Amino acid sequence: MANIYRTPIGYVVEDDGAHHALDGDPFGDWRRGVAVDAPTVVLAPVVPSKIVCIGLNYKDHAAEQGKPLPAEPLIFLKPSSAIVNPGEAIELPEGVGRVDYESEVAVVIGRRATKVSEADALSHVLGLTCMNDVTARDLQKKDGRYTRAKGFDTFAPLGPCITTGLSADDLEITGRLNGEVRQQSSTRELIFPVATLIAYISRIMTLLPGDIVSTGTPAGIGPLHPGDEFVVRVQGIGELRNPIVAGR
Ligand SMILES: NC(=O)N[C@@H](O)C(=O)O
């Protein structure tokens, strides 16, 4: 297991508490280079060609939304332009009403995946990271259109790193608003597990190295306000912390 950080000066790999420059390409051949200090500035770990999100993939969230459980994965896309780095502000656009946080475990694709089987799906995964699927809830409720409600700039905080060699079967996920726990669950509760999601999506669209599959949010969603801070924490990966500001 290793944590791969993207920094302004390149990738850094951390394992057993030691940090090394990553020589090569995290999606291809790479090796540990010179020893370096722990990065002080980390960027979103990838710039994906697409973010594929899953809706209603936790029973308790579907229940709090008053929605029936989907018979198959409910997928939608989020634009890469929505990505913000760990520590950067989530901007609440003017005039859109309520904007919610949604803590999620996100999968980083490592190898090109086209029509892959469930049995072979996980071999296409590079690792896991955290994502906040920020959502303009009033807009979503108004007309059910996901892309607009979830596609605003800064609505996809991503990070802090890619954790390799970690199973997504039973990871604790927590969402804290201003230090208070608002979401607490485990990936054990996912209706459709990661292998099923990758096989399902890859039958529709090819997943490319660096693409993100965000696995859905558990119950406990709620609104964000200027001055707040929201932290997504996933066991074995780390914390994704973002302040909230009023946007234009
Ligand atoms: N309601 C809603 O948008 N939910 C999804 O994003 C989800 O289940 O993660």
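Atom set for the values below is all heavy atoms of this structure, side chains included, hydrogens, waters and symmetry mates excluded. All values reported here derive from a predicted model rather than from experimental measurement. As the structure lists them, so they are numbered: ligands from 1, and atoms in each ligand from 1.
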Could you tell me whether Arg112 atom CZ has more than 12 heavy atoms of other residues or ligands within 6.0 Å of it?
no
Does atom CG of Asp25 have more than 12 heavy-atom neighbours, drawn from other residues, nucleotides or ligands, at distances under 6.0 Å?
yes
Enclosure of Asp143 CG (heavy-atom neighbours >12, cutoff 6.0 Å)
yes
Pull out every atom of ligand 1 sitting under 4.0 Å from any heavy atom of Lys150, numbered as shown with elements.
2 (C), 3 (O), 5 (C), 6 (O)
Which of the atoms of ligand 1 are close to Gln65, meaning less than 4.0 Å from one of its heavy atoms?
1 (N)
Please verify whether a non-hydrogen atom of Thr135 lies at under 4.0 Å from ligand 1.
no
So, 4.0 Å and heavy atoms of Ile221: is ligand 1 close enough to count as a contact?
no
For atom 4 (N) of ligand 1, what's the nearest protein heavy atom and its distance?
His61 NE2, 3.0 Å
What's the shortest distance from atom 6 (O) of ligand 1 to any protein heavy atom, and which residue and atom give it?
Glu102 OE1, 2.6 Å
Under 3.5 Å between any N/O of Leu56 and any N/O of ligand 1: does that happen in this structure?
yes
Taking NZ, NE, NH1 and NH2 as the nitrogens, is one of them in Arg188 or Asp170 under 4.0 Å from a carboxylate oxygen of the other?
yes
So how far is it from Phe230 CZ to Arg182 CZ, rounded to the nearest 0.5 Å?
8.5 Å
Once rounded to the nearest 0.5 Å, what's the spacing between atom CD of Glu189 and atom CD1 of Ile173?
12.0 Å
The atoms of ligand 1 lying under 4.0 Å from a heavy atom of Gly55, numbered in the order shown, are 5 (C), 7 (C), 8 (O)
Can you tell me which portion of Asp133 lies within the under-4.0 Å heavy-atom range of ligand 1? Options are side chain, backbone, both, or neither.
side chain
Out of curiosity, is Lys67 lining ligand 1, as in a heavy atom under 4.0 Å away?
no
Ligand 1 versus Gln140, non-hydrogen atoms closer than 4.0 Å: side chain, backbone, both, neither?
side chain
For Ala168 and Leu128, which heavy atoms make the closest approach, and how far apart are they?
CB-CD1, 3.9 Å
Identify, by atom number and element, the atoms of ligand 1 in contact range of Gly216, meaning under 4.0 Å from any of its heavy atoms.
9 (O)
Hey, is Arg137 touching ligand 1 through its side chain, its backbone, both or neither, going by heavy atoms under 4.0 Å?
side chain
If you compare all heavy atoms of Val46 against all heavy atoms of Pro48, which two are closest, and at what distance to 0.1 Å?
O-CD, 3.5 Å
Closest heavy-atom pair, Ile198 versus Val107, reported as atoms and distance to 0.1 Å, is CD1-CG1, 4.3 Å
